[in-house]
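All ligand and atom numbering here is 1-based and tracks the order in the structure. Sequence positions, counted from 1, serve as the residue numbers for this chain. The figures that follow rest on heavy atoms only: side chains count, while hydrogens, waters and symmetry mates do not.
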Amino acid sequence: MYSRSHTPHWRRRSLLALVALVAVVSLIFTACSGSDEAAGDGSYASIIEERGFTDEQVAAALKTYMPSGEHDPYIMFASGGHSGQIFVIGVPSMRILKELAVFTPEPWQGWGFGNSGTMEVLDAGNVDGNEIRWADTHHPALSETGGDYDGEFVFINDKANARVAVIDLRDFETKQIIKNPIAINDHGGTKVTPDTDWVIQGGQYATPNGWEYSPTANYDEDYRGMVTFWKFDRSSGRIDEGASFAMELPPYWQDLCDAGKLASDGWVFCGSFNTERATGEGADGSGEPFEAGASARDNDYLHVINLDKAVEVAAAGNTFDVNGFPVVALQTSIDEGLLYFVPEPKSPHGADVTPGGEYVVVSGKLDPHVSVYSFEKIQQAIADQNWQPDPYGVPVLDFDAVLEAQVEVGLGPLHTEFDADGYAYTSIFLDSTVARWKLGPPYHDDGWTLEGTLPVHYNIGHLSAAEGDTVSPDGGFLVALNKWSIDRFFPPGPLLPQNLQLVDISQPPSADSETAGMQLLYDMPLGMGEPHYAQIIAADKLEPFEVYPEIGWDPAIMAVDPNAPQLGNERVERDGNNVEIWMTAVRSHFTPDQVTLQAGDNVTWHITNVDTSFDATHGFAIPAYNVNLSLEPGETATIEFVANQDGTFPFYCTEFCSALHLEMAGYMLVEP
Ligand code: RUQ
Ligand code: CUA
């Protein structure tokens, strides 16, 4: 039996308490039903009766309710889809704690509105000189130590422009955005290796390397897929671009990746589709539409990558250059044994490694099974050279030799996560269900069986179980990330919210439960973008700053800026038409609160929030200049602009910080 390293004791306790509560509630309910006395007296029994709740609904409500002041035991990091951000959500209450600004300017956090630190991060994501100020964020990856979430960082990809962001969870701020130099879109990431040495970014729609122009008639020769391995430097909290590299892949459309762990540590697995190399239907009617052309064959290829060896090959300089970035050539990967394929049911979505690293679970969207591949058998097939080459010469391992099991789970299986008791959960898109199935040895001797399914609403994409993709999943809760909400909520116009549904998976499957013991607890509409994937971490692993450690802290360098304004040294200095301002903010005053400039001045304006109290944030807005900062306690920020508009500009604090918050204002006077 598989066992986890840390047990969420609170859950056991609160479940016992819940069972007791539900019993009491039902008793009271039974006692009161039939009598009209209880109705309308405000007691919970009367509320239950008036609203006609079932026992199950009452239990669901109790399981998600967080009394005021109580914190959620889990925090979910959900991708923000088109918003380009990350949603931070408490579980099980499903309360939104923050829309964490990543790729898109966000005014409340002062992200991208004058603060030169934030502008620099955003500008690093510009593409060919074009300012890109949105993203399609898909897959957040929490940093790991020994294959377990460590609560230090989270990474996320932008599918639309092939970018990766690094967020430091000490202050929940984005520190770095990187544009992939060889690809213009991505999908297979982000994922991290078990100690976060590497952040994985897999490709998606193939293009020529560096997305140069080439007609699709030259697809087979010129177009290539890719996977990029970003070296993460934990001490600086940044990806080290100079120590990173990519691998050139055949022009199949790589999909989701996962890092091996424990038994399969050092290897990486990525699904793919369009191994047909379809190029779409031309305007003249030539070719085939993608959705047909890209699913003509029965199989696509699971990419099996020897990352440890690839790192050695790249370090030895056995690479070629694309836009100045080292790329291991496809032929090199074949010659050096870095890349193997395994046939997988066509159009898969998700290659998910079991907690112990023994298996890779793949779901072909058009096949009602999950296919489970054994890492050991993959190694054996490699050793036996039990393969046939693909058209590019990549060894395709024998399917039967590496398959461990197939479990029929329903129509349109996508993505799989795990719990602490050796069960797997697969999202079933077409059926709109979550399937719970039993893993085989070493988890269960009688495994590889479907336990049951739970209907969800509707068209579930990914699912996320508590720490469910780590080496020690917690179980307890699972969230279904549903694409369609149809009838669940009031329709706010034809664009409907996503529906995140919380599911209780704490109960074991039982023969008399159609849903294999799973209970739907809560519907959470989310009308801010489309989360694709989410990860759920135990809240006690996160140790965010309450306030910045020292006054004058610059979040961009996570240290004190020696040039930061401090109490007592506020001043304005002029040198020709260069003006530099050192300002402090404290409840309820900016010092200085009058700044006089001349039209055309080059202005460098530093502000420090010298407040040290928890939650004593000040904002700083200058009208007409598109400046809006959020200065958390201790934080310093610098804005730079040319005072190109003369006039009288009242600046003010945009965060209601104190009784005299409205008075926290000043004048910026720009003389003509
Ligand atoms: S994806 S569900 Cu990146 Cu699976 Cu969208
Ligand atoms: Cu400071 Cu309002």
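Between the CD atom in E417 and the CD atom in Q535 there is a gap of 7.0 Å [rounded to 0.5 Å].
Salt bridge absent: K346 and D367 never bring a charged side-chain N and a carboxylate O closer than 4.0 Å. Checked for salt-bridge contact, E276 and R297 miss the test: no charged N lies under 4.0 Å from a carboxylate O.
For C653, the disulfide bond (SG atoms under 2.5 Å apart) test picks out no residue, with sequence neighbours left out. Partners of E546 by side chain to side chain contact (heavy atoms under 4.5 Å, CB included), not counting sequence neighbours, listed by chain and number: F614.
The salt bridge (charged side-chain N to carboxylate O under 4.0 Å, His left out) contacts involving residues 156-166 comprise D158-R163, where partners must be two or more places apart or lie in separate chains.
For atom 4 (Cu) of ligand 1, protein N/O/S neighbours under 2.8 Å (waters excluded) are H349 NE2, H462 NE2.
Its N, O or S atom nearest to atom 3 (Cu) of ligand 1 is what matters here, and for H187 that atom is NE2.
Using modelled atom types, one finds no donor on one side chain facing an acceptor on the other under 3.5 Å when comparing D561 with T636.
At a 4.0 Å heavy-atom cut-off, ligand 1 touches K483 through the side chain alone.
Residue contact annotation: E530 has no non-hydrogen atom under 4.0 Å from ligand 1.
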